[in-house]
There are 2 protein chains.
Amino acid sequence: MLKKTELSGVKEIARRANVSIATVDRVLHNRPGVSVKTKEKIDAIIKEMDYKPNLLARRLASRKVFKFAVLIPKESKETEYWKAPLEGIRAAWSEIQLYGVEVSFFLYDLNDRSTFNQEAEKIWKENFNGVIVAPSFISESTTFFKKCEELKIKCVFINSDISNVRPLSYIGPDLFQSGKLAGNLCKYLISEKGKALVLNISRELDSEHHLRKKEAGFKAHFDEARAKVDIEVMSLYNTDYDSVTKALDAYLQSNTIDLIFVTNSRVFTVAKYFEENNIRGIKLVGYDYLRQNLQYVENDIIDFLICQKPIEQGYQALLTLYDYFINQSSVDKIQFMPIDIITKENYRFYKN
Amino acid sequence: MLKKTELSGVKEIARRANVSIATVDRVLHNRPGVSVKTKEKIDAIIKEMDYKPNLLARRLASRKVFKFAVLIPKESKETEYWKAPLEGIRAAWSEIQLYGVEVSFFLYDLNDRSTFNQEAEKIWKENFNGVIVAPSFISESTTFFKKCEELKIKCVFINSDISNVRPLSYIGPDLFQSGKLAGNLCKYLISEKGKALVLNISRELDSEHHLRKKEAGFKAHFDEARAKVDIEVMSLYNTDYDSVTKALDAYLQSNTIDLIFVTNSRVFTVAKYFEENNIRGIKLVGYDYLRQNLQYVENDIIDFLICQKPIEQGYQALLTLYDYFINQSSVDKIQFMPIDIITKENYRFYKN
DNA sequence: TAGTAAATAGTGTACGTACCCGAAAATATT
DNA sequence: AATATTTTCGGGTACGTACACTATTTACTA
């Protein structure tokens with residue numbers, strides 16, 4: 001039960017090299033103050049021993065503190081989606097806060113892009129090492145990223161990506177492929193020459209841009225499968241239930257469709273409409289493991305939900321910053337989340 | 001960047017309680033040698049401070065070493081499934097071996113139940129603290145568990161459970177529900193009054209017992225959905241390709257079916273048969289994220305694979321022992337894995 | 001009531017690394 | 001050659017906890 005006392009660590013390196021621990025430490029962190037000769041000798045020994053620093057001791061002895069910010073949408077009355085990433089970040093934080101990590105939260109309003117900049121300003125005033133961003137608004141986010149680069153603040157993007165910038169890491173779905181999977185599933189729900197409606201429901205144009213990628217993936221699946229399914233697209237900029245109801249009423253008056261694919265978590269709005277109007281013939285597929293949605297999965301109004309682990313996204317985002325700064329390990333530029341399929345029979349076992 | 005020096009830890013508790021650090025330590029580990037009065041005083045302060053021990057320091061200072069064993073099937077020529085849990089265990093091990101964890105592997109042959117006992121004997125001879133077991137053979141596993149209880153060796157079961165015993169934790173699928181999900185998916189693949197074949201392919205009777213749970217779940221789904229799908233069941237005890245081919249030839253000669261549900265990872269055998277005989281009309285659903293299976297997902301012979309995160313199972317199993325022994329935290333008796341659905345469009349993003 | 005055993009508490013070192021501070025050695029300056 | 005400067009390096013303490021060992025107090029025996 002007692003640990004074997006095999007010689008290891010800096011002490012052993014120092015002994016073999018005939019130098020002090022401090023000198024070994026200088027080499028390990030390539031700090032100045034070591035002659036080339038001794039540095040080479042020590043490097044050789046390190047290599048020979050295949051020395052791996054004891055992370056426990058390292059973190060314990062280090063008195064560094066890193067400050068991270070979180071810039072994501074606040075949970076809205078309309079959808080509780082953003083609770084999940086926040087939960088993930090909190091979970092990760094509680095695991096690592098002992099090791100010198102401080103986290104501050106800055107939440108903006110998805111329905112008001114000016115709030116994004118307001119919160120961004122606050123972040124720039126303090127001295128953060130890194131920030132977790134959900135780049136909902138393209139131009140604002142691009143500006144934000146540039147400014148952070150100037151200030152040497154490392155960015156991790158979650159949930160959606162934007163082009164032309166290279167953050168420390170992107171953690172989230174492959175949106176196009178996600179849409180393709182939706183197509184894949186829908187193929188099973190309707191007949192060969194069925195008719196499908198792709199429904200984007202989002203107030204701000206920019207976030208709709210991400211929805212468009214899913215839309216494109218959806219279509220791509222049917223193209224590649226050479227299926228002749230008739231696909232129409234509709235975008236709604238008013239996200240409240242009444243507006244959606246009106247739009248659907250109008251649309252269904254003059255169209256007959258077999259399936260609706262809602263490109264984000266607001267699929268429950270449509271499900272509610274189906275339920276209240278007792279519409280049963282139209283299949284429904286959408287996004288995200290939300291209480292509001294699951295209830296309609298349970299009673300067979302929604303057939304499939306596609307999920308991309310929002311909690312895990314937040315969790316991984318903070319751990320990525322931690323790995324980069326505290327562990328100084330290298331970090332994957334892109335961390336795609338799995339594309340999970342949720343049905344009535346497996347949702348109880350899902351880990352978001 | 002420097003860590004704030006707020007007083008914390010045992011030292012602060014000792015200061016407030018007017019005792020030495022050692023006394024606080026005794027209370028924390030409820031070791032003897034502390035009067036009731038001081039113990040109460042210290043307990044109160046601990047509570048008041050909401051003291052959380054620094055795990056880094058704790059593990060660094062602890063010289064304990066724990067020995068764990070792994071008793072699972074070896075990877076066979078027929079299916080590489082068991083590579084995955086092993087990989088997960090190895091991954092977890094590499095993360096925690098710094099903290100005084102030793103792991104030894106004992107692999108038995110799924111096609112020869114006597115090898116299970118042979119390996120078990122070896123485990124009993126050494127002095128292990130815990131063991132990860134895949135209890136493939138019911139009676140052997142039950143005996144094994146009893147003996148481990150005598151020897152005070154904690155057991156964690158993975159992949160499948162057995163009744164009447166209560167291991168430290170079970171980590172794996174809910175087999176019944178897993179079958180139900182299969183039914184759920186198959187519903188989309190065939191018409192209202194289609195005909196489905198449930199196919200068990202397994203050499204040893206016992207492991208088939210687990211397959212039967214999936215079979216039951218499968219049927220249950222159609223019962224609950226009140227679908228009139230005709231379900232037949234066939235069990236094959238010879239698992240090699242030629243035997244399966246012959247059995248399928250014979251069966252299909254006299255039966256017309258729309259779908260085959262294979263209750264374990266050997267679905268690729270059937271897929272290969274379909275491919276070589278150019279059978280395209282029969283849908284195919286089975287289990288597990290294996291290279292052999294994925295190739296048939298890619299070329300549309302297999303529609304769905306159901307996966308239960310075998311790597312994660314191994315990973316969690318070792319971490320569970322770690323949590324129990326090293327962290328001394330409480331452990332969930334049952335840790336059901338999610339029931340994941342794999343298709344052509346999402347398998348590249350799956351984490352097993 | 002001295003003497004001893006048991007219960008209770010404290011001191012000190014170790015875990016492996018980080019880093020401050022000062023000493024020694026090497027080099028440069030006068 | 002003596003002094004100043006820079007380069008190179010070692011000593012020592014700290015991080016928060018575990019635990020062996022020692023010291024003190026209390027209870028018990030004869």
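Lettering follows sequence order; numbering is per chain, from 1.
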Mutual orientation of the aromatic rings belonging to B:Phe68 and B:Phe325 [parallel < 30°, tilted 30-60°, perpendicular > 60°]: tilted

A:Trp93 (side chain) donor-acceptor with A:Leu318 (main chain) under 3.5 angstrom: no

Nearest-neighbour nucleotide for the A:Leu60 side chain, D:dG16, C:dC19, D:dA18 considered: D:dG16

Axis bend over the full length of the helix from C:dT1-D:dA30 to C:dT30-D:dA1, computed from five pairs that close each end, to 10 degrees: 60°

Under-4.0 Å side-chain N/O to phosphate OP1/OP2 contact, A:Ser35 with D:dC9: yes

Proximal nucleotide (of C:dT17, C:dA9, D:dT8) relative to the B:Thr23 side chain: C:dA9

Nucleotide D:dA20, atom P - distance to NZ of B:Lys64 in whole Å: 10 Å

D:dT17 OP1/OP2 closer than 4.0 Å to side-chain N/O of B:Tyr51: yes

Length of the CD-C1' vector between A:Glu40 and D:dC9, whole Å: 17 Å

Nearest-neighbour nucleotide for the B:Thr38 side chain, D:dG10, C:dA9, D:dT17 considered: C:dA9

Check: D:dG16 base within 3.5 Å donor-acceptor of A:Arg59 side chain: no

Cation-pi geometry met for B:Lys74 and B:Trp82 (6.0 Å, 45°): no

Proximal nucleotide (of D:dG10, D:dC15, C:dT17) relative to the A:Pro53 side chain: C:dT17

Plane angle bin for A:Tyr170 and A:Phe336 - parallel if under 30°, tilted between 30 and 60°, otherwise perpendicular: perpendicular

Proximity to the side chain of A:Asn54 - top-ranked nucleotide from C:dA9, C:dG16, C:dC19: C:dG16

Residue closer to the 5' end of DNA chain D, A:Asn18 versus B:Asp25 (nearest nucleotide): A:Asn18

Test of ring centre spacing under 6.0 Å for A:Phe144 and A:Trp124: yes

Rounded interatomic separation in angstrom, taking CG from A:Leu56 and C1' from C:dA18: 15 Å

Atom-to-atom span, CD1 of A:Ile13 to C1' of C:dA18 - whole angstrom: 14 Å

Sugar-phosphate, base or nothing in reach of A:Pro32, heavy atoms under 4.0 Å: nothing

Distance in angstrom units between B:His29 NE2 and D:dA20 C1', rounded: 15 Å

A:Arg26, nearest nucleotide to its side chain (from C:dA18, D:dC9, C:dT17): D:dC9

Cation over ring face, A:Arg166 and A:Phe145, 6.0 Å, 45°: no

For atom NZ of B:Lys39 and atom P of C:dA9, their distance in whole Å: 12 Å

DNA chain C: 5'-proximal contact among B:Ala22 and B:Ala57 (nearest heavy atom): B:Ala22

Cation-pi geometry met for A:Lys67 and A:Phe128 (6.0 Å, 45°): yes

Presence of B:Ser62 side-chain N/O under 4.0 Å of C:dC15 phosphate oxygens OP1/OP2: no

Spacing of A:Asn30 atom CG relative to C:dA18 atom P, expressed in whole Å: 12 Å

B:Arg63 side-chain N/O to D:dC19 phosphate OP1/OP2 under 4.0 Å: no

Whole-Å gap separating C1' (C:dA14) and NZ (A:Lys11): 8 Å

B:Thr320: which of B:Ile132, B:Ile158, B:Ile171 passes side-chain contact (heavy atoms from CB on, under 4.5 Å): B:Ile171

